[in-house]
Chemist: 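To start, I am sharing the structure in question, which I have written as structure tokens.
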Amino acid sequence: MSQSAEITRRENHSATATITSAAQCEFELQVFSKYDDATVVASGPTLSIAVSHSLPELRHLAHSRAVFGARRMPAEGRTYGSWELIFPEDEERPTAGYDRFAIRHSFDFEDEIEVFDVSEEYDTAEGLLRYRAQDLGDDEKARAIIADGVREYLAAAYQQMLWDPKSKLDIAQELDDLFLERDWTSFVSREDLKTPEVRVSDVELLDWTDADECLVRFHYVNGEKSGYEVEFVDIKKGRLTIRKNAYSALRSAVPAFRGDQLPSVYNALQKSIDAFVNPVL
């Protein structure tokens, strides 16, 4: 499949909604693990964005360069080394904000979410796979252990690409390095590593939420899943620029897109935003 997102532009590019504040979902968010805890103020247009925007405030739980992410807690309980999110009691909860924009519900206050150190998890998965791929044999038991390592590595790599804006991972190239001369395609094919196509349409600018930012709402089709999402637009040197940094609205505990799909979605949105300013006559 193509790695670029297909764009469908609207004929009417005018704003279609009036949003008075970018931070309607604001609350105290607690995180805890066996050894430490913290409380921060989470704030954003939706619950998903509020949680994601609070993650940089938690770096002191690890180190200053740590990249934190969030995800659904596994059914068997909190992952080792992660922190559990504690949401406010029912009477202290604001609205989740999704219906305000008519977008998908990423997750709600009732869901169990954990925070984890993305960079540490990736480094651990990479190290384990390197050892397994280079030092284990080719018998059935060894191959099963390697296959588990590949699955864990891929999960960590996609999380790295989702949460770390600086990530430039080329997974196929990384597997070449981890396996050295050994063939890894019996564990995952190169075809399986291709980035699935995302189609973006119905892009519309919402009214300004702040002096230097607004929101854009769009429809997406990602395989069998489809819906509406929002992203921030920043004013940079007089240009409307789709936000791609750690505060991107698309970096979510329950994301609409895989980490490797984000660049094509950002590019599609930017092209549509540019068309608003310089329409093709």
Chemist: Just checking, Arg217 and Tyr228: is the charged tip under 6.0 Å from the six-membered ring centre and within 45° of the axis?
Modeler: yes

Chemist: Check the side chains of Thr241 and Asp234 for a donor-acceptor pair under 3.5 angstrom, ignoring hydrogens and angles.
Modeler: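 Short answer, no.
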
Chemist: I'd like to know if Arg132 and Asp148 make a salt bridge, using a cut-off of under 4.0 Å between side-chain N and carboxylate O.
Modeler: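 No, this pair does not count.
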
Chemist: Is the shortest side-chain N to carboxylate O distance from Lys271 to Asp274 below 4.0 Å?
Modeler: no

Chemist: So does Lys194 pair up with Glu191, basic N to acidic O under 4.0 Å?
Modeler: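 Looking at Glu191 together with Lys194, the answer is yes, because their closest N to O distance falls below 4.0 Å.
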
Chemist: Closer than 4.0 angstrom, basic N to acidic O: yes or no for Arg72 and Glu112?
Modeler: no

Chemist: Mark yes when over 12 heavy atoms from residues, nucleotides or ligands other than Glu76 sit less than 6.0 Å from its CD; otherwise mark no.
Modeler: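 Yes - once you tally the heavy atoms of other residues, nucleotides and ligands closer than 6.0 Å, there are more than 12.
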
Chemist: With distance as the sole criterion, is a donor-acceptor pair present between the side chains of Asp36 and Ser33 under 3.5 Å?
Modeler: yes

Chemist: With the threshold set at 4.0 Å, does a side-chain nitrogen-carboxylate oxygen contact exist between Lys244 and Glu231?
Modeler: no

Chemist: Do other residues, nucleotides or ligands put more than 12 heavy atoms under 6.0 Å from the CD atom of Glu84?
Modeler: yes

Chemist: What is the ring orientation for Tyr122 with Tyr153, classed by angle as parallel under 30°, tilted 30 to 60°, or perpendicular over 60°?
Modeler: tilted

Chemist: Would you call Asp212 and Arg239 a salt bridge, taking side-chain N to carboxylate O under 4.0 Å as the test?
Modeler: no

Chemist: Any side-chain donor-acceptor pair under 3.5 Å between Asp37 and Trp83?
Modeler: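 No.
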
Chemist: Take the angle between the ring planes of His105 and Tyr98 and call it parallel below 30°, perpendicular above 60°, tilted in between.
Modeler: tilted

Chemist: May I ask you to check whether over 12 heavy atoms, not counting those of Glu28, lie within 6.0 Å of atom CD?
Modeler: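 Not more than 12 within 6.0 Å, no.
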
Chemist: Return the orientation label for the Phe179 and Phe187 ring planes: parallel under 30°, perpendicular over 60°, tilted otherwise.
Modeler: tilted

Chemist: State, to 0.1 Å, how close Ser52 and Trp163 come at their nearest heavy-atom pair, and which atoms those are.
Modeler: OG-CH2, 3.7 Å

Chemist: Can you find a side-chain donor-acceptor pair between Gln24 and Thr95 that sits under 3.5 Å?
Modeler: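 Note: Gln24 and Thr95 side chains miss the donor-acceptor criterion.
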
Chemist: Answer yes or no: does atom CD of Glu91 have more than 12 heavy-atom neighbours from other residues, nucleotides or ligands under 6.0 Å?
Modeler: yes

Chemist: Between Ser119 and Asp117, is there a side-chain donor-acceptor contact under 3.5 Å, judged purely by atom types and distance?
Modeler: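 Side-chain D/A pair, Asp117 to Ser119: present.
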
